[in-house]
Asks: 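Next up is a structure, given as structure tokens.
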Amino acid sequence: PHVCRLYIKGEKQFYYRAQQFYEDVPASEEGMMGDFVEISKVDLEGSRQFLKRFGPGKAGTHRVLDCGSGIGRVTKGVFLPVFEKLEMADMMEHFLLHAHEEYLGADADRVETYYCFNLQEFTPPKNKYDVIWMQWVACHLTDKDLMNFLIRCKKSLRPNGVIIIKDNMARQGCKLDPIDSSISRHLDIMKVIINKAGLEVLAVEKQEGFPDVIMPVWMIAMQ
Ligand SMILES: C[S@@+](CC[C@H](N)C(=O)[O-])C[C@H]1O[C@@H](n2cnc3c(N)ncnc32)[C@H](O)[C@@H]1O
């Protein structure tokens, strides 16, 4: 996993750039999806199916935490019908405000807490969540910060709870995108970070139905 760190010369700059990048991103589904809003439907359907494998009877459906939630595209499209209580965490206030004031509509009141934090500095409450979902945000953390965040997440799971990462995975090694400060890692590198955090991989699945031009997206469930 040390491979990725080579690409990141200054951590401060790495995080600063992402901050700058998302300040200019509109609070909309288009903004959340980059240039690929048309794959949002397929993405959400893939997530619903993957989540089913860990749903009722297994992970529980009491409470979910959507990390790097943005405006709550996944919360709205996947979690609202499944979980009783929902929480969201994102570093950008304007995304969370938009979620609450507009995007989630009347369901916004079912979101118990909106945490406006950088994940690298955020400690979710202990023993609280059945599912912690991180979509397209693990790529915005350095190896070390991702590992440490996963360690904190593990402590905030309820019994049988699962953490799910859904992200771009490099076809080999690590790839830094300097525009939005994101690193895509090969699945094997991701697994090393997960294991170092003391978590066990339960299942991995590739998201099908995405165009070939975009990087492969994988879902990894762990506990
Ligand atoms: C590509 S968007 C994905 C949003 C959402 N997960 C989805 O799938 O629709 C990435 C999100 O991660 C957030 N983000 C990026 N870096 C972050 C960090 N270090 N801490 C917290 N949130 C971060 C951004 O503000 C943005 O909302």
Side-chain angles (χ1 to χ4, degrees), residues 4 8 10-48 50-51 64-80 86-100 102-104 111 113-124 131-150 152-153 156 163-169 176-185 193 207 210 214-215 217-220:
C4 306
I8 302 167
E11 275 190 24
K12 268 196 184 150
Q13 203 188 338
F14 174 74
Y15 286 117
Y16 178 74
R17 261 208 217 123
Q19 189 87 33
Q20 296 293 97
F21 177 84
Y22 283 106
E23 257 161 39
D24 294 331
V25 169
S28 63
E29 287 178 0
E30 286 77 7
M32 298 302 103
M33 298 300 295
D35 289 330
F36 294 96
V37 70
E38 66 279 4
I39 64 172
S40 180
K41 256 192 166 173
V42 179
D43 166 66
L44 296 171
E45 182 54 29
S47 299
R48 279 190 287 265
F50 191 69
L51 187 62
V64 64
L65 175 65
D66 185 354
C67 293
S69 63
I71 60 171
R73 188 185 63 88
V74 185
T75 285
K76 183 175 179 169
V78 181
F79 303 147
L80 274 174
L86 309 103
E87 299 195 330
M88 290 167 49
D90 200 278
M91 66 175 181
M92 300 309 296
E93 194 178 19
H94 75 286
F95 293 160
L96 296 174
L97 281 173
H98 181 75
H100 185 71
E102 204 176 315
Y103 184 68
L104 297 177
V111 179
T113 314
Y114 298 85
Y115 299 98
C116 191
F117 278 97
N118 295 315
L119 295 186
Q120 63 273 24
E121 289 158 0
F122 177 51
T123 303
V131 173
I132 298 178
W133 192 275
M134 299 177 69
Q135 181 157 356
W136 284 317
V137 74
C139 59
H140 285 297
L141 302 180
T142 65
D143 287 356
K144 180 170 72 51
D145 285 340
L146 176 57
M147 181 192 75
N148 285 320
F149 183 64
L150 288 174
R152 298 195 294 277
C153 283
S156 77
I163 301 167
I164 295 175
I165 289 180
K166 184 168 187 175
D167 221 311
N168 301 336
M169 304 285 167
L176 172 73
D177 181 341
I179 308 282
D180 66 354
S181 271
S182 64
I183 330 155
S184 28
R185 305 163 166 104
I193 296 174
Q207 171 68 52
F210 280 3
I214 72 166
M215 216 181 282
V217 171
W218 285 78
M219 296 172 271
I220 312 172

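Counting starts at 1 for both ligands and their atoms, following the listed order.
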Asks: Would the distance check show the side chain of N168 and the main-chain N or O of S184 forming a donor-acceptor pair, the cut-off being under 3.5 Å?
Replies: no
Asks: Backbone, side chain, both or neither: what part of R73 comes under 4.0 angstrom of ligand 1, heavy atoms only?
Replies: side chain
Asks: Give the contacting part of F122 toward ligand 1: side chain, backbone, both or neither, where contact means a heavy-atom distance below 4.0 Å.
Replies: neither
Asks: Does D177 have any side chain to side chain donor-acceptor pair (under 3.5 Å) partners at least two apart in sequence or in another chain, and if so, which?
Replies: none
Asks: What's the shortest distance from atom 19 (N) of ligand 1 to any protein heavy atom, and which residue and atom give it?
Replies: Q120 OE1, 2.9 Å
Asks: Based purely on interatomic distance, does L119 place a nitrogen or oxygen under 3.5 Å from a nitrogen or oxygen of ligand 1?
Replies: yes
Asks: Between V64 and V78, does a side-chain contact (heavy atoms from CB on, under 4.5 Å) hold up when you go through it step by step?
Replies: CA-CA 11 Å; V64 64; V78 181; over 6 Å; no
Asks: Does ligand 1 have an atom that lies less than 4.0 angstrom from a heavy atom of F117?
Replies: yes
Asks: For atom 5 (C) of ligand 1, which protein heavy atom lies nearest, and how many Å away is it?
Replies: G68 O, 3.3 Å
Asks: Between H140 and Y22, does the ring centroid distance fall short of 6.0 Å?
Replies: yes
Asks: Record the part of V137 in heavy-atom contact with ligand 1 below 4.0 Å; permitted values are side chain, backbone, both and neither.
Replies: side chain
Asks: Which residue holds the protein heavy atom closest to atom 26 (C) of ligand 1, what is that atom called, and what is the gap in Å?
Replies: D90 OD2, 3.5 Å
Asks: Please work out which of the three classes, parallel, tilted or perpendicular, describes the rings of F79 and W133, given edges at 30° and 60°.
Replies: perpendicular
Asks: Does only the side chain of Y22 get under 4.0 Å from ligand 1, or the backbone, or both, or neither? Count heavy atoms.
Replies: side chain
Asks: I need the contact type for S69 against ligand 1. Using non-hydrogen atoms and a strict under-4.0 Å cut-off, is it side chain, backbone, both or neither?
Replies: backbone
Asks: Is there a donor-acceptor pair closer than 3.5 Å between any side-chain N or O of R48 and the backbone N or O of G77?
Replies: yes
Asks: In terms of relative ring orientation, are F210 and W136 parallel, tilted or perpendicular, with 30° and 60° separating the classes?
Replies: parallel
Asks: Do any nitrogen or oxygen atoms of Y15 come within less than 3.5 Å of a nitrogen or oxygen of ligand 1?
Replies: no
Asks: Identify, with sequence neighbours excluded, every residue that meets salt bridge (charged side-chain N to carboxylate O under 4.0 Å, His left out) alongside E30.
Replies: none
Asks: Of the side chain and backbone of V74, name the one, both, or neither that has a heavy atom under 4.0 Å from an atom of ligand 1.
Replies: side chain
Asks: For atom 18 (C) of ligand 1, what's the nearest protein heavy atom and its distance?
Replies: M91 SD, 3.7 Å
